[in-house]
Amino acid sequence: MNNQLLRTFLEVSETLHFRIAGENLSLTQSAVSARIKQLEVELSVSLFDRTHKQLKLTAEGHRLIKHANDMLDMWQKTKQDISMAKQDSSQLVIGAMMSIWDIALHAWMQKIHRNIEDVGLYTRIYNPLELRSDVLNRKVDIGFLFEPPIVDLLVSRRVASIPLHLVTTSKLSLTSQRYPNIVNVDYGESINEEYRKFFGGKNLAKHHMSQPNITLDYILEAGGSAYLPKPMTFPLIQQKQLFEVESAPVFYRDIYAIYLAKGQKQELIEQTLDLFPVIKAGQA
């Protein structure tokens with residue numbers, strides 16, 4: 001279908017006037033009318049009710065608006081992708097949960113920028129179910145998850161094992177083993193189980209939060225304790241804004257990359273994943 005017909009239809013649907021639509025598109029009124037007529041013939045429907053003094057959309061016209069916008073948006077994305085290929089560039093669409101962005105991916109993306117030329121990165125935030133679906137449907141090239149799915153079409157690669165340390169804003173907690181205003185951060189069920197073991201099966205958390213960065217901001221402002229990623233807390237421990245509870249066990253949160261097996265971008269994907277630091281033995 002001719003994209004110009006769709007653009008003309010959308011302009012008329014907004015202005016509800018052939019002449020004004022023509023002025024906006026730098027077309028004559030007759031040219032606009034002819035394009036709408038051609039589109040109606042192709043679809044075998046009437047898109048506008050012309051029997052009244054004021055032009056009105058028909059039910060079919062109302063339904064076409066969303067499809068027309070989607071088709072033009074897809075065409076624009078296609079042109080962008082082709083344009084990048086034309087310039088010998090590659091595009092990677094990266095999806096992850098917000099908490100994974102916070103603790104593992106920022107430094108990795110900077111390494112891609114420094115080490116691999118002509119790569120365009122597009123990033124998106126997902127929940128785990130949507131992310132797996134979009135990787136399978138080729139909408140996302142690399143997805144990052146805490147719990148990898150077992151799907152034959154996907155490769156799952158462990159790329160990081162992030163140490164989680166118990167930190168506190170109160171020096172008293174270091175000796176008393178009491179953790180006032182403790183916040184439980186959701187790192188997945190495997191870490192939640194370790195958390196329960198350490199605290200003797202008791203849920204001592206006063207608050208429950210899904211994002212490490214939100215938790216960190218909260219305890220720095222209000223005071224408290226939480227298990228947080230070592231890379232996130234290290235500079236604050238150095239500045240003595242936080243204190244590490246050394247008697248508490250260290251947990252490790254594994255992060256997995258998933259991508260299509262035998263996909264067209266597999267070589268580039270694996271090249272970027274090789275930029276993650278080597279995972280030390282014993283961090284399983």
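Predicted model only: the values in this text are computed from it and were never measured.
Atoms CD and CG, from Glu60 and Leu43 in turn, are 10.0 Å apart once rounded to the nearest 0.5 Å. The CD1 atom of Ile237 lies 4.0 Å from the OG1 atom of Thr233; values are rounded to the nearest 0.5 Å. Separation of atoms CG (Leu242) and OG1 (Thr168) is listed at 8.0 Å; rounding is to 0.5 Å. From Thr8, atom OG1 reaches atom CZ of Arg35 across 4.0 Å, with rounding to the nearest 0.5 Å. For the atom pair Gln91 CD and Leu268 CG, the distance stands at 11.0 Å (nearest 0.5 Å). To the nearest 0.5 Å, atom CD of residue Gln238 and atom NZ of residue Lys240 are 8.5 Å apart.
Aromatic ring centres of Phe144 and Trp108: separated by under 6.0 Å. In this structure, Tyr256 has its ring center at least 6.0 angstrom away from the ring center of Phe146.
Closest non-hydrogen pair, Thr58 versus Ser46, comes out as OG1-O, 2.6 Å. Counting all heavy atoms, side chain and backbone alike, Ala261 lies closest to Gln266 at C-OE1, 4.1 Å. The two residues Ala68 and Phe9 have their closest heavy-atom pair at CB-CD2, 4.4 Å. Val159 and Ala257 make their closest contact through CG1-CB, 3.9 Å (heavy atoms, listed as atom of the first residue, atom of the second, distance). For the residue pair Gly223 and Thr169, the shortest heavy atom distance occurs at CA-OG1, 3.3 Å. Minimum interatomic distance between Ser225 and Leu166 (heavy atoms only, all atoms of both residues): CB-CD1, 4.5 Å.
Between Glu267 and Lys262, none of the side-chain N atoms (NZ, or NE/NH1/NH2) sits under 4.0 Å from a carboxylate O, so this pair counts as no salt bridge. Salt-bridge annotation for Asp274 and Arg157: present, with a side-chain N of the basic residue lying under 4.0 Å from a carboxylate O of the acidic one. One finds no salt bridge joining Arg7 and Glu11 here, because no Lys/Arg side-chain nitrogen approaches an Asp/Glu carboxylate oxygen to under 4.0 Å. In summary, Glu147 and Arg253 engage in a salt bridge, as defined by a charged side-chain N under 4.0 Å from a carboxylate O.
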Intermediate values then yes/no, side chain to side chain contact (heavy atoms under 4.5 Å, CB included), Val185 and His208 = CA-CA 6 Å; Val185 186; His208 298 264; over 6 Å; no
Between Val135 and Ile142, does a side chain to side chain contact (heavy atoms under 4.5 Å, CB included) hold up when you go through it step by step?
-> CA-CA 7 Å; Val135 173; Ile142 314 175; over 6 Å; no
Run the side chain to side chain contact (heavy atoms under 4.5 Å, CB included) check on His17 and Val12 step by step: do they pass?
-> CA-CA 6 Å; His17 202 294; Val12 176; over 6 Å; no
So Asp70 and Lys66, side chain to side chain contact (heavy atoms under 4.5 Å, CB included) or not? Walk me through it.
-> CA-CA 6 Å; Asp70 287 345; Lys66 179 182 184 302; 2.8 Å; yes
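Between Tyr187 and Pro212 the shortest side-chain heavy-atom distance falls below 4.5 Å. Contact of the Arg138 side chain with the Leu260 side chain is registered, since non-hydrogen atoms from C-beta on lie closer than 4.5 Å. Contact check for Arg19 versus Ser30: no side-chain heavy atoms found under the 4.5 Å cut-off. Side chains of Met109 and Thr123 form a contact here, defined as non-hydrogen atoms less than 4.5 Å apart. With a 4.5 Å cut-off on side-chain heavy atoms, Lys265 and Leu92 count as touching. With a 4.5 Å cut-off on side-chain heavy atoms, Met209 and Tyr218 count as touching. Between Leu164 and Val250 the shortest side-chain heavy-atom distance does not fall below 4.5 Å. In this structure, the side chains of Gln29 and Val32 stay at 4.5 Å or more apart for every pair of heavy atoms.
A side-chain donor-acceptor contact under 3.5 Å links Asp49 to the backbone of Thr51. The backbone N or O of Leu236 lies less than 3.5 Å from no partner atom in the side chain of Gln241, so there is not a single donor-acceptor pair. A donor-acceptor contact shorter than 3.5 Å is absent between the side chain of Asp73 and the backbone of Asn69. Between the Ser13 side chain and the Leu10 main chain, a donor and an acceptor come within less than 3.5 Å of each other.
Relative orientation of the Phe18 and Phe48 rings is perpendicular, given thresholds of 30° and 60° on the angle between their planes.
Under a hydrophobic clustering in which Ile, Leu, Val, Met, Phe, Trp and Tyr are joined whenever their side-chain heavy atoms come within less than 4.5 Å, directly or via other members, Leu27 and Ile20 fall into different clusters. Using a 4.5 Å cut-off between side-chain heavy atoms of Ile, Leu, Val, Met, Phe, Trp and Tyr, with links allowed through other members, Leu216 and Phe234 fall into different hydrophobic clusters.
For the 3.5 Å distance criterion, the side chains of Asp134 and Tyr126 qualify, holding a donor opposite an acceptor. Side-chain N/O atoms of Asp254 and Ser161 include a donor and acceptor closer than 3.5 Å.
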